[in-house]
K.L.:
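Below is one structure. I have some questions about it.
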Amino acid sequence: MPSSGTEKDRPVRYVSTRGEAPVLGFCDALLAGLARDGGLYVPQTWPVLPPATIASFAGKPYWQVAEAVIAPFIGGEIEPDALRHMLQQAYGSFDHPVVAPLVQIGDNLFVQELFHGPTLAFKDVAMQLLARLMDHALRARNKRATIVGATSGDTGSAAIEAFRGLDQVDIVILYPHGRVSDVQRRQMTTVAAPNVHAVALEGNFDDCQAQLKAMFNHLDFRDEIGLSGVNSINWARIVAQIVYYFTAAVALGAPHRPVSFSVPTGNFGDIFAGYVAKRMGLPIERLLIATNVNDILARTVATGVYEARGVVATSSPSMDIQVSSNFERLLFDAHRRDPAQVRRLMANLAQSGAFVVEGAAYEAIADEFDAERADEAEIAKAINLTWRSSGYLLDPHTAVGVVAAWKSEPDRSVPMVVLGTAHPAKFPAAVKAACGIEPKLPDFLADLHERPERFTVLPNDLGAIEAFVRQHSRAAQGEAA
Ligand SMILES: Cc1ncc(COP(=O)(O)O)c(C=O)c1O
Ligand SMILES: N[C@@H](CCOP(=O)(O)O)C(=O)O
């Protein structure tokens with residue numbers, strides 16, 4: 001798999017995984033979201049950080065590590081002072097001084113808490129920066145955008161929090177009606193800002209994501225409303241998520257010592273960020289895909305067959321996903337960046353709901369990733385045992401990562417970091433059922449259940465969704481930026 005390049009400010013170009021969209025710089029890729037050929041943008045080469053640079057991250061504030069990791073992807077398109085200011089603001093909104101702290105819960109087993117942002121999930125880490133980057137790029141172009149996002153609960157709340165009240169954007173979030181937790185739904189539906197619109201779609205998350213992609217692929221509509229995306233199809237989301245792999249690994253001895261990660265996985269964005277960190281020179285020993293019973297990724301790593309089955313509702317609803325967007329980015333690398341191979345596999349998926357990864361491409365994926373699946377009983381047991389053994393409350397998504405770490409027979413001499421993707425108070429019913437403790441929301445959300453809700457229920461129908469988005473898009477109404 002390719003890797004090259006060292007200079008921080010050399011221009012960076014982004015190519016589509018399907019090879020038929022314009023090659024763009026960072027800010028255009030940021031505003032584009034999905035490429036115009038339906039593919040996902042990736043940088044032409046992976047930047048590499050020398051071991052001395054990685055070692056120098058020890059003890060630095062999070063925003064400074066972020067600056068060093070993110071700048072090589074921007075290629076000089078944003079002034080260093082402006083980027084620094086955005087990073088300081090973004091991570092200043094977190095309620096923990098180190099932003100993403102590590103907590104030890106077992107023998108060389110750690111949880112990296114990524115839920116200290118305003119909506120209590122790891123999505124804040126990227127979204128707080130993404131909103132600032134987009135606002136900056138839109139102002140520089142004197143443009144408005146309409147953001148449409150698909151969520152299984154956390155991306156939507158993080159995006160609404162980050163973009164609410166921004167003058168350059170209107171934001172519409174599609175979530176699966178009745179399939180997110182009460183806290184997740186209320187985080188989306190109780191925000192009064194006039195540029196925010198929550199839509200309960202009659203379908204599951206995969207339906208929301210498929211409709212979003214259909215809007216991106218409807219080029220006239222896309223141009224009419226100035227469509228932008230905040231899901232992890234947007235490359236900037238991945239970039240921001242690479243940073244915490246570096247901070248965790250360095251805190252545990254990298255670059256002098258390897259570290260492994262167990263990553264609760266749905267859309268494959270978070271773990272793909274870990275894959276990129278590794279390409280950039282971070283000594284990651286194992287990258288463990290942790291899935292709930294919606295285990296398409298675990299099955300693919302085991303057999304090479306990527307086959308969507310019906311989605312099962314679980315106690316980790318944010319991971320109730322079958323079609324994992326970012327797997328396409330991995331397929332592109334695994335096929336030696338041949339977009340014709342990606343187009344072939346995606347055409348198979350569209351036609352038959354499946355594709356097969358074969359030969360060297362499959363070996364590359366199986367070499368790079370391990371995968372484990374956790375069922376509902378195992379998740380509840382992990383929450384219970386961890387509470388009883390360490391007094392630490394896991395949310396059900398993080399618990400999937402803990403189960404996977406236990407099952408994977410880790411080499412105990414290598415630290416294993418489970419990404420703690422959500423605060424347990426986002427899923428109080430599941431946590432209480434597992435261990436008898438009902439986690440409480442922090443004070444700033446204590447009245448969440450009393451706030452009035454505002455949302456629109458829509459059928460799973462592209463025409464109806466587009467009509468709603470058009471109606472709420474100031475870009476479509478031609479309002480000046
Ligand atoms: C709490 C939580 N954990 C894990 C995941 C999985 O992350 P990803 O989609 O990046 O694989 C998600 C969302 O997908 C989530 O919201
Ligand atoms: N779990 C996610 C699903 C969308 O993932 P994304 O990383 O592509 O935005 C959610 O909470 O919405």
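Quick caveat, the model's predicted, so the values are computed rather than measured. Order of listing sets the numbers, starting from 1, for every ligand and every atom in it. As a basis for the values below, the full set of heavy atoms in this structure was taken, side chains included, without hydrogen atoms, waters or symmetry mates.
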K.L.:
What residue among Asp395, Asn294, Asn292 forms side chain to side chain donor-acceptor pair (under 3.5 Å) with Ser316?
P.N.:
Asn292

K.L.:
Distance to 0.1 Å, residue and atom name: give those for the protein heavy atom nearest to atom 2 (C) of ligand 1.
P.N.:
Thr421 OG1, 3.5 Å

K.L.:
Do me a favour and list the nearest non-hydrogen protein atom to atom 12 (O) of ligand 2 with residue, atom name and distance?
P.N.:
Thr151 OG1, 2.6 Å

K.L.:
Could you tell me whether Glu20 and Arg36 make a salt bridge, using a distance below 4.0 angstrom between a side-chain N and a carboxylate O?
P.N.:
no

K.L.:
Any side-chain heavy atom of Gln112 within less than 4.5 Å of one from Tyr244?
P.N.:
yes

K.L.:
Please confirm whether Ser152 approaches ligand 2 to less than 4.0 Å, judged on its heavy atoms.
P.N.:
yes

K.L.:
Looking at atom 9 (O) of ligand 2, what's its closest protein heavy atom, distance included?
P.N.:
Thr155 OG1, 2.7 Å

K.L.:
What I want to find out is whether Arg279 reaches Glu368 closely enough, with some N-O distance under 4.0 Å, to be called a salt bridge.
P.N.:
yes

K.L.:
Which of the numbered atoms in ligand 1 are below 4.0 angstrom from a heavy atom of Phe268?
P.N.:
8 (P), 9 (O), 11 (O)

K.L.:
Assess Lys123 for proximity to ligand 2: is some non-hydrogen atom of it under 4.0 Å away?
P.N.:
yes

K.L.:
Find all atoms of ligand 1 within a distance of less than 4.0 Å from any non-hydrogen atom belonging to Asn267, and give their numbers and elements.
P.N.:
8 (P), 9 (O), 11 (O)

K.L.:
Using a 4.0 Å cutoff against the non-hydrogen atoms of Gly269, which atoms of ligand 1 qualify?
P.N.:
8 (P), 10 (O), 11 (O)

K.L.:
In plain terms, say whether Arg185 and Asp182 are close enough for a salt bridge, that is, a side-chain N and a carboxylate O under 4.0 Å apart.
P.N.:
yes

K.L.:
Counting heavy atoms only, which part of Asp270 comes closer than 4.0 Å to ligand 1: side chain, backbone, both or neither?
P.N.:
both

K.L.:
Report, as yes or no, whether the 6.0 Å neighbourhood of atom NZ on Lys407 holds more than 12 heavy atoms from other residues, nucleotides or ligands.
P.N.:
yes

K.L.:
Is the shortest distance from a heavy atom of Pro264 to ligand 1 less than 4.0 Å?
P.N.:
yes

K.L.:
Which ligand 1 atoms, with their elements, are less than 4.0 angstrom from a heavy-atom of Asp154?
P.N.:
1 (C), 2 (C), 15 (C), 16 (O)

K.L.:
Assess the side chains of Asn267 and Ser324: does a donor N or O sit below 3.5 Å from an acceptor N or O?
P.N.:
no

K.L.:
Counting each atom of ligand 1 from 1 as listed, which ones have a heavy atom of His397 under 4.0 Å away?
P.N.:
1 (C), 2 (C), 3 (N)

K.L.:
Val230 pairs by side-chain contact (heavy atoms from CB on, under 4.5 Å) with which of Thr151, Val169, Ile147?
P.N.:
Ile147

K.L.:
Below 4.0 Å, non-hydrogen atoms only: which portion of Asp154 touches ligand 2? Side chain, backbone, both or neither.
P.N.:
both

K.L.:
Starting from atom 11 (O) of ligand 1, locate the nearest protein heavy atom and write down its residue, its atom name and how far away it is, to 0.1 Å.
P.N.:
Gly266 N, 2.7 Å

K.L.:
Ring pair (Phe, Tyr, Trp, His ring centres under 6.0 Å), that's the test. Do Phe327 and Tyr306 meet it? Break it down for me.
P.N.:
CA-CA 10 Å; Phe327 201 63; Tyr306 184 101; 5.5 Å; yes

K.L.:
So is Gly153 touching ligand 2 or not, going by heavy atoms under 4.0 Å?
P.N.:
yes

K.L.:
Could you tell me whether Phe122 approaches ligand 1 through its side chain, its backbone, both or neither, with non-hydrogen atoms closer than 4.0 Å?
P.N.:
side chain

K.L.:
Within ligand 1, which atoms have a heavy atom of Ala422 less than 4.0 Å away?
P.N.:
1 (C)

K.L.:
Examine the proximity of ligand 2 to Arg237 and report which part, side chain or backbone, both or neither, has a heavy atom under 4.0 Å away.
P.N.:
side chain

K.L.:
How far is atom 13 (C) of ligand 1 from its nearest protein heavy atom, and which residue and atom is that?
P.N.:
Lys123 NZ, 3.1 Å

K.L.:
Does ligand 1 have a heavy atom under 4.0 Å from the side chain of Lys426, from its backbone, from both, or from neither?
P.N.:
neither

K.L.:
Is the ring pair His197/His472 parallel, tilted or perpendicular, if the boundaries are 30 and 60 degrees?
P.N.:
tilted

K.L.:
Between ligand 2 and Phe205, can you find any atom pair, the residue atom being a heavy atom, that is separated by under 4.0 Å?
P.N.:
yes

K.L.:
Examine the side chains of Glu328 and Thr17 and answer whether a donor and an acceptor come within less than 3.5 Å of each other.
P.N.:
yes

K.L.:
Give yes if a backbone or side-chain nitrogen or oxygen of Asn231 is under 3.5 Å from a nitrogen or oxygen of ligand 2, and no if not.
P.N.:
yes

K.L.:
Hey, can you tell me if Phe427 and His397 have their rings parallel, tilted or perpendicular (30° and 60° cut-offs)?
P.N.:
tilted

K.L.:
Number the atoms of ligand 2 from 1 as they appear, then name those within less than 4.0 Å of a heavy atom of Ser318, with their elements.
P.N.:
1 (N)

K.L.:
May I ask you to identify the nearest protein heavy atom to atom 8 (O) of ligand 2, giving residue, atom name and distance to one decimal place in Å?
P.N.:
Ser232 OG, 2.5 Å

K.L.:
State, without any angle test, whether Asp154 and Gln184 hold a side-chain donor-acceptor pair at a distance under 3.5 Å.
P.N.:
yes

K.L.:
Under a plain distance cut-off of 3.5 Å, with no hydrogens placed, do Trp387 and Tyr392 share a side-chain donor-acceptor pair?
P.N.:
no

